[in-house]
Amino acid sequence: MPQELVAVALATADTEPPEQAKPPRGSFGVVNFFSQGFLLLWAAMVVLPLLWAVMSSFKTDKEILTSPWSLPASPQWDNFARAWTTGHIGTFFLNTVIVLAGGVTITMVVGAMAAYVLARYSFPGNRIVYYAFVAGLTLPVFLALVPLFKIVGNLGTIPVIGPYLGLNSYLGLILVYVAFSLPFTVFFLHSFFRTLPTEIAEAGLLDGAGHATLFARVMLPMAKPGLISIGIFNVIGQWNQYLLPLVLLQPQSSFDTDHSVLAEGLLNLAVTQGYKSDWSGLFAGMTIAMLPMLAMYIVFQRQVQAGLTAGTLK
């Protein structure tokens, strides 16, 4: 009997457990088919209008109206020159670059410092300040248009510096851009700085590095993927901004310089060129405004994906 029991026990131990029920293989194929089909449809909806706009920018007005889906017979490069000069796209482009340079630079510097302090230092009110930034993400820009118009208009009455901060000024619009971009910048970078190794920071302090040196030479290079990602998001968001410039860049007299940015300039171009039936110039202006952001994303595509993935995994 004992030998029989041992044999039964060994036979039971050698027996493989029953395989768990697996979903049929066809179900994964169906899911992949629909997911990939949806992605292809979404890509077509995004890419085809862009290609059509770029293609139309090289056509004549007659070709745009008679054969909108065909390739241009010969590239019309003068469309871009006409949009740049006659349509004043060059002036609007320069205004946008000026505002963007100031807005993105201040946003990145202040946002990185604020996110670093909130993530790495404990002090009374730390979480209150952080959640105040997060709460700023919930404020729609539409609700702030009238108060912003009043506030920026009142800043223009300040002696000496008023003309540089009031309506129809670069600096006034830059400060508003910074205020609306900071919440997402701090929220995005906060997770990167929280997950940086504490040992490296402690080693830097032991070696005699101050807090400013530690931040600039150690922590910022380690958070480079996040900085590149949020920097590109800020550039694209401020480049495509329309409502804020429309409200705040209001000339106070006929002698004021027109500081309109590219989004406003495209609307003006659509109105003026529409009356002139200069559709080729309009499409050329749209292409000029679109290509810088498209080229920037293509160049930094891997860095953006790496930053988003790192932020998600951390």
ask   = Quick one: are the ring centres of Phe133 and Phe184 less than 6.0 Å apart?
value = no
query = Does Arg120 use its side chain to pair, donor to acceptor, with the backbone of Phe193 at less than 3.5 Å?
reply = yes
Set of residues satisfying ring pair (Phe, Tyr, Trp, His ring centres under 6.0 Å) with respect to His259, sequence neighbours excluded = Tyr170
inquiry  = Please determine whether side-chain contact (heavy atoms from CB on, under 4.5 Å) holds for the pair Leu148 and Phe180, giving the CA-CA distance in whole Å, both sets of side-chain angles, and the decisive distance to 0.1 Å.
reply    = CA-CA 11 Å; Leu148 277 176; Phe180 273 90; 3.5 Å; yes
task = For the pair Phe92 and His88, name the ring-plane relationship: parallel under 30°, tilted 30 to 60°, perpendicular over 60°.
result = perpendicular
Polar side chain donor-acceptor pair, Ser57 to Asn79, under 3.5 angstrom = no
task = For the pair Ser191 (side chain) and Phe187 (backbone), establish whether a donor and an acceptor sit closer than 3.5 Å, ignoring hydrogens and angles.
result = no
query = Do Arg127's NZ or CZ and the ring of Tyr131 fall within the cation-pi criteria of under 6.0 Å and 45°?
reply = yes
ask   = Who pairs with Tyr121 by ring pair (Phe, Tyr, Trp, His ring centres under 6.0 Å), at least two apart in sequence or on another chain?
value = Tyr116, His211
query = Other than Tyr164, what residues sit in its cluster of Ile, Leu, Val, Met, Phe, Trp and Tyr side chains whose heavy atoms are under 4.5 Å apart, directly or through others?
reply = none
remark   = Residue set satisfying side-chain contact (heavy atoms from CB on, under 4.5 Å) with Trp52, at least two apart, ordered chain then number -> Met55, Ser56, Pro68, Trp69, Phe283
ask   = Mind checking what makes ring pair (Phe, Tyr, Trp, His ring centres under 6.0 Å) contact with Tyr130, not counting sequence neighbours?
value = His190
key: Sequence neighbours excluded, every pair satisfying side chain to side chain donor-acceptor pair (under 3.5 Å) that has a member inside residues 230-240   = Ser181-Gln238, Thr185-Asn234
